[in-house]
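The structure appears right after this line, and notes come after that.
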Amino acid sequence: MLKRTHYCGLLRPQHEGEEVVVAGWVNTYRDQGRGLVFCDLRDREGLAQVVFDLEDVPGDVVTAARALRREDVIAVRGKVRKRAGDANPRLATGSIEVLASAIEVLNKAEVPPILPDEHEADRIAEETRLRYRYIDLRRPRMQQIMRLRSRVTKFARDYFAHNGFLEIETPLLIKSTPEGARDFVVPSRLYPGSWYALPQSPQLFKQILMIAGFDRYLQICRCLRDEDPRADRQAEFSQIDLEMSFVERQDVIDMISGFVAGLWKEIFGLEIGAIPVMTYHEAMERFGIDRPDTRFGLEIADVSDVAQRMDFRVFQDALAKPKGVVKAIRVPGGAETLTRKMTDGWGEWVRTFKAGGLPVVKLTAKGWETGIAKFLSGDAGEALKQRLGLEVGDAVLFAADTYAIATKTMGEVRLRMGRELGLVPEGQWKFLWVIDFPMFEHDDERNRWVALHHPFTSPNPDQFDILESDPGACVSAGYDLVLNGSEIAGGSIRIHSPAVQQRVFNLIGLSDAEAEVKFGFLLRALRHGAPPHGGIAFGLDRLVMHLAGTENIRDVIAFPKTQSGADLMIEAPGPVDLEQLDELHVRNVEEAPA
RNA sequence: GGGGCGGUAGCUCAAUUGGUUAGAGUACUGGCUUGUCACGCCAGUGGUUGCGGGUUCGAUUCCCGUCCGCCUCGCCA
């Protein structure tokens, strides 16, 4: 076999005159007849033009050259020379070419169903790309993203190793625990009727590694959650997971801020500056979401007291509800930019958040117009102008419902409006730490408290007293790192006291006995000397999405799954032999007749 | 589990109100072509219209069911 001496994509004018061997895939071929054949040969570094002068090479080389087809794998020996024809300014190798003297066809390729051409990729159905992922991944763009991902994990390993973190692996076959996402589950052959669960995260293992005295832990790990995917979510995803002992919230925030700053410096050569901090409460009040996109305004205001004075049935009904509120967004210039079609469309759409609608009003030179204008004629209208700082030409959108629904609605409307009005600036990196999350959320339907983060999150140091007396007000030592409105990392200081852990379990409805059954190993470990500790985990896929500038998580995963959890390339999931099931003490349940 | 969009040649798409032999570009095959580079020119091959039913003289088109893909609500401690 001809042994490669150079990557195609790295050939440069300085190699002129050298005899080289290049190897790769036939990107395109241009047969010019009996005299010349051109071939753009591709490897991971890029393209180089190979030229066959058919009058100057042996007959078998002529035959092979003229038979070249797309995606054939070949090796070519030849001399690098300045191009005889025009240079191609679109190629890094465009001023030179390899004049072939020998060719070895390493593997003919069947006619490719898709081509790794960048200008084709956007048009090809993603389904087809996933089915032939090995071809799709040959595209320069995909190669570039996978390299980027590799640089990110390399940087993470270097940064955290430099800061004393040890890379330690944790098991994949663990046990199912209550709370959290649906588990993927694996039947046990040796314990009939018993099941492993695949980890949703290494959470408890990394805490136990702290108890075991490793002080600082890092793992780039796979997490598995059997929930429906989204554009930015897969059932199987990766985390940069870490944990530190003898630390408080600020220590973790500092460590991670340093990591992100270093990463952005490494990838973009950019200084991201100090990362601002915002409380959960402030985020919800101003942006209607726990991960605000602070790249644009359109902030939310509470206008419940103004609404109280309006003779508008929808507002009155909302305020009569428990925790009823009226929220508003001032849209500067909205009288012009918001069309009836837009606001009507949004009004329909907000029903998906259980909101009744999206009242709107515009302030023009003639006064209040459209929508709920007639309810604003009196001093309520003046109060609204005051409250929102309205100017002529503005519009106002309202959401009236319970706090949860109105806030969510305004938050979603704000984001959609930002996008559709083109208010979200490109090329900005707005990082934000969100802290002081509530410990618990109340599940009204089942009348119980649920951990907002996870039940191993510690209350903030000053909050232990109100843990039982006012769980809804109790604030946790959790923290999320938000970038341009997306959560890229989340973590907390953990509970290290077995007594506190027991109290939290009790609060979320786990009796001492149940807690012992489900989390006995954790409680025992905590009782055997647990240092104060805390940590965080990055969503690696999402981080790479930001760095790569894509909205599609499948773009940053080499072998992703579809929205129904299938791998179209290997055709998983699939059936197994009955014998396999027998060994596992598992039987298929036939569909019940309808 | 719910809502929306889509599925026609290998790929990307078209096909009028239900009506002739389902077309185009590209790819592919053959021929021509000595400086191309998304090479060009000529000719040709290529179809279970996702699948299964139904209505009809006739279905890519209408109806029912179903599968698959994408977006989304729920869900994602």
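Chain letters run A, B, ... following the sequence lines, proteins first, then strands; residues in each count from 1. Just so it is clear, the values below take in all heavy atoms, side chains as well, and ignore hydrogens, waters and symmetry mates.
For the ring pair (Phe, Tyr, Trp, His ring centres under 6.0 Å) test, no residue two or more places apart in sequence or in another chain qualifies with A/H281. Looking at residues two or more places apart in sequence or on another chain, you find no ring pair (Phe, Tyr, Trp, His ring centres under 6.0 Å) involving A/W195. In this structure, the side-chain contact (heavy atoms from CB on, under 4.5 Å) partners of A/S564, at least two apart in sequence or on a different chain, are A/T562. Looking at residues two or more places apart in sequence or on another chain, you find a side-chain contact (heavy atoms from CB on, under 4.5 Å) between A/Q234 and A/I553, A/R554, A/I557, A/P560, A/K561.
B/A22 and B/G47 have their P atoms separated by 12 Å, given to the nearest Å. Of the C1' atoms belonging to B/C71 and B/G54, the separation is 32 Å, rounded to the nearest Å. Going from the P atom of B/U8 to that of B/C62 covers 16 Å, rounded to whole Å.
Counting non-hydrogen atoms under 4.0 angstrom, A/L452 reaches the backbone sugars and phosphates but no base. Using a 4.0 Å heavy-atom distance criterion, A/T457 is classed as making no nucleic acid contact.
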(request) Indicate for each nucleotide in nucleotides 28-36 of chain B, in 5' to 3' sequence, whether protein heavy atoms under 4.0 Å reach the base (B), only the sugar-phosphate (S), or nothing (-). (result) SSS-SBBBB

(request) Let me have a per-nucleotide readout for nucleotides 69-75 of chain B, 5' to 3', with B, S or -, counting only protein heavy atoms under 4.0 Å. (result) SSBBBBB

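As the counterpart of B/G25, B/C11 is assigned, both hydrogen-bonding distances of the Watson-Crick or G-U wobble pattern falling under 3.5 Å.
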